[in-house]
There are 2 protein chains.
Amino acid sequence: MDTTQLLKGVLDVAVLAVVAQEDGYGYDVVRRLRAAGLEDVGDASVYGTLRRLYAGGSLTSYVVPSDEGPHRKYYGITPLGRQELGEQRQTWAAFADTMSGLLAGSTGNTVPLERRRRTGSEGTR
Amino acid sequence: MDTTQLLKGVLDVAVLAVVAQEDGYGYDVVRRLRAAGLEDVGDASVYGTLRRLYAGGSLTSYVVPSDEGPHRKYYGITPLGRQELGEQRQTWAAFADTMSGLLAGSTGNTVPLERRRRTGSEGTR
DNA sequence: GGACGCTACTGCGCATTGCGCGGTACCTTC
DNA sequence: GAAGGTACCGCGCAATGCGCAGTAGCGTCC
């Protein structure tokens, strides 16, 4: 449902990854992200992220006038951006691993009753 | 790094998962989460999450006076919580999968130069 | 030719959520 | 009785994604 919160801190890597594959302009990056599976990503979020990454030195940018439509602000990844991407990917991998471990403990419904705590259930005191 | 943003929207599942395994009180849940790998989780975040989940009906709570120390506010998972947990786990799995696919595209440095420069973006024309 | 629609980007303000920090309180130990 | 670990709460802040409105170029349809 609310995949929105899951994007926090991940949009950066996602955008970096997409741009690293090939330079792209905002509108295009949005499409590519959605095509990649992040279907609910908002365009404003992507534009904002691009600007932030650019401001942080992870991306460069150049404007290309379009024949059919408004100009396009292309973004390309910088060495710093590539480095960031590398680190972030690792951070993500570790994090995802941790989470998978955590979530593996409870299969949603099947719970090893053996270790059930006697749940005191003391009355309210 | 700043794992803090990655926790967004995930702390909920994490806490649910931990409590689903066994009832626990705030201070304890914090320890368990940290032990599970979320070492940087703040206690205030956990307490807040517990309260939020409780308010949402995913958790029940009962106070147990402790012999050595302050009282402990135990939390247990409710059927609704278990359901939430199940859904969330799936959401997470799907999301993680998407991300892994996205990040797989760029190995940080190795990029298939072949597809460089193009962005045709098969416009509707 | 004006309305409409798609492309493309920007700015504004809001909502969520994790966190630092300070405060309260209980209990044990030196 | 001061110190320290346990245990919880509330306040206010910061980061970030998003909806929405606005601007603008260009093509199409009636």
Side-chain angles (χ1 to χ4, degrees), chain A residues 1-16 23-34 38-56 59 61-75 88 95 99 125, chain B residues 1-16 23-34 38-56 59 61-75 88 95 99 119-125:
Chain A
M1 288 333 207
D2 202 9
T3 22
T4 202
Q5 290 302 323
L6 294 180
L7 275 181
K8 299 276 183 179
V10 171
L11 233 195
D12 279 42
V13 216
V15 168
L16 280 176
D23 288 14
Y25 52 98
Y27 205 76
D28 182 54
V29 172
V30 172
R31 277 204 224 95
R32 289 205 262 159
L33 286 176
R34 288 188 177 148
L38 302 181
E39 305 177 10
D40 297 332
V41 73
D43 60 316
S45 310
V46 176
Y47 283 115
T49 300
L50 284 170
R51 266 177 261 147
R52 210 183 322 129
L53 290 174
Y54 174 71
L59 297 178
S61 116
Y62 49 95
V63 175
V64 176
S66 168
D67 350 356
E68 324 109 10
H71 67 282
R72 291 169 175 174
K73 199 166 189 174
Y74 277 82
Y75 288 94
Q88 299 262 51
F95 184 74
M99 282 307 295
R125 289 252 308 86
Chain B
M1 289 317 242
D2 201 9
T3 21
T4 202
Q5 290 301 321
L6 294 180
L7 275 181
K8 297 275 184 181
V10 171
L11 232 195
D12 280 40
V13 217
V15 168
L16 279 176
D23 288 14
Y25 53 97
Y27 204 78
D28 183 53
V29 172
V30 172
R31 276 204 225 100
R32 289 205 261 160
L33 286 176
R34 288 188 176 148
L38 302 181
E39 305 178 10
D40 296 332
V41 74
D43 60 316
S45 311
V46 176
Y47 282 115
T49 300
L50 284 170
R51 266 177 262 146
R52 209 184 322 129
L53 290 174
Y54 174 72
L59 297 179
S61 118
Y62 49 93
V63 175
V64 176
S66 169
D67 350 356
E68 325 109 9
H71 67 282
R72 291 167 175 175
K73 200 168 190 173
Y74 276 82
Y75 288 94
Q88 299 262 52
F95 183 75
M99 283 307 296
T119 323
S121 74
E122 68 301 293
T124 352
R125 24 169 36 326

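When reading the values below, keep in mind they use all heavy atoms of this one structure, side chains included, and skip hydrogens, waters and symmetry mates. Every chain is numbered from 1, with letters handed out A, B, ... down the list of sequences.
- Applying the salt bridge (charged side-chain N to carboxylate O under 4.0 Å, His left out) test to A:Arg34 and every residue at least two apart in sequence or in another chain returns nothing.
- At whole-Å resolution of the value, CG in A:Asp67 and C1' in C:dA8 are 14 Å apart.
- In this structure, OH of A:Tyr27 is placed 4 Å from P of C:dT7, rounded to the nearest angstrom.
- Of all nucleotides listed (D:dC8, C:dC9, D:dA24), D:dA24 comes nearest to the side chain of A:Pro70.
- Not one side-chain nitrogen or oxygen of A:Arg72 sits closer than 4.0 Å to the OP1 or OP2 atom of D:dG25.
- In this structure, B:Tyr47 reaches the D:dC8 phosphate: one of its side-chain N or O atoms is under 4.0 Å from OP1 or OP2.
- In this entry the distance linking OH of A:Tyr54 with P of C:dT10 reads 11 Å, nearest Å.
- Atom P of nucleotide C:dG11 and atom CG of A:Leu50 are separated by 13 Å, given to the nearest angstrom.
- Straight-line distance from the NZ atom of A:Lys73 to the P atom of C:dT7: 20 Å, rounded to whole Å.
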Please list, pair by pair, any protein nitrogen or oxygen found under 3.5 Å from a nitrogen or oxygen in nucleotides 18-20 of chain C.
from: C:dG18; atom 1: OP1; to: B:Leu7; atom 2: O; distance (Å): 3.3
from: C:dG18; atom 1: OP1; to: B:Gly9; atom 2: N; distance (Å): 3.1
from: C:dG18; atom 1: OP2; to: B:Arg52; atom 2: NH2; distance (Å): 2.9
from: C:dG18; atom 1: O3'; to: B:Thr4; atom 2: OG1; distance (Å): 3.2
from: C:dC19; atom 1: OP1; to: B:Thr4; atom 2: OG1; distance (Å): 3.4
from: C:dC19; atom 1: OP2; to: B:Gly42; atom 2: N; distance (Å): 3.1
from: C:dC19; atom 1: OP2; to: B:Ser45; atom 2: OG; distance (Å): 2.3
from: C:dC19; atom 1: O5'; to: B:Ser45; atom 2: OG; distance (Å): 3.2

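- As rounded to whole Å, 10 Å separates atom P of D:dT16 from atom CD of A:Gln88.
- Every residue meeting the side-chain contact (heavy atoms from CB on, under 4.5 Å) condition with A:Ser61, not counting sequence neighbours, appears here in chain and number order: A:Tyr54, A:Lys73, A:Tyr75.
- Qualifying salt bridge (charged side-chain N to carboxylate O under 4.0 Å, His left out) partners for B:Arg32, counting only residues two or more places apart in sequence or in other chains: B:Asp28.
- For A:Tyr47, the ring-ring contact (aromatic ring centres under 6.0 Å, His included) test picks out no residue, with sequence neighbours left out.
- Taking atom CG of residue A:Leu33 and atom C1' of nucleotide D:dC18, one finds them 15 Å apart after rounding to whole Å.
- Inter-residue side-chain proximity for A:Leu7 and A:Thr3 is flagged as unmet; no heavy-atom pair is nearer than 4.5 Å.
- Checked against salt bridge (charged side-chain N to carboxylate O under 4.0 Å, His left out), A:Arg52 has the following partners two or more places apart in sequence or in another chain: A:Asp12.
- Nucleotide D:dC9 holds its C1' atom 17 Å from the OH atom of B:Tyr25, rounded to whole Å.
- Aromatic ring pairs are classed by plane angle as parallel below 30°, tilted from 30° to 60° and perpendicular above 60°; the pair A:Tyr25 and A:Tyr74 is perpendicular.
- Taking side-chain N and O atoms only, B:Arg51 has a distance below 4.0 Å to OP1 or OP2 of D:dC9.
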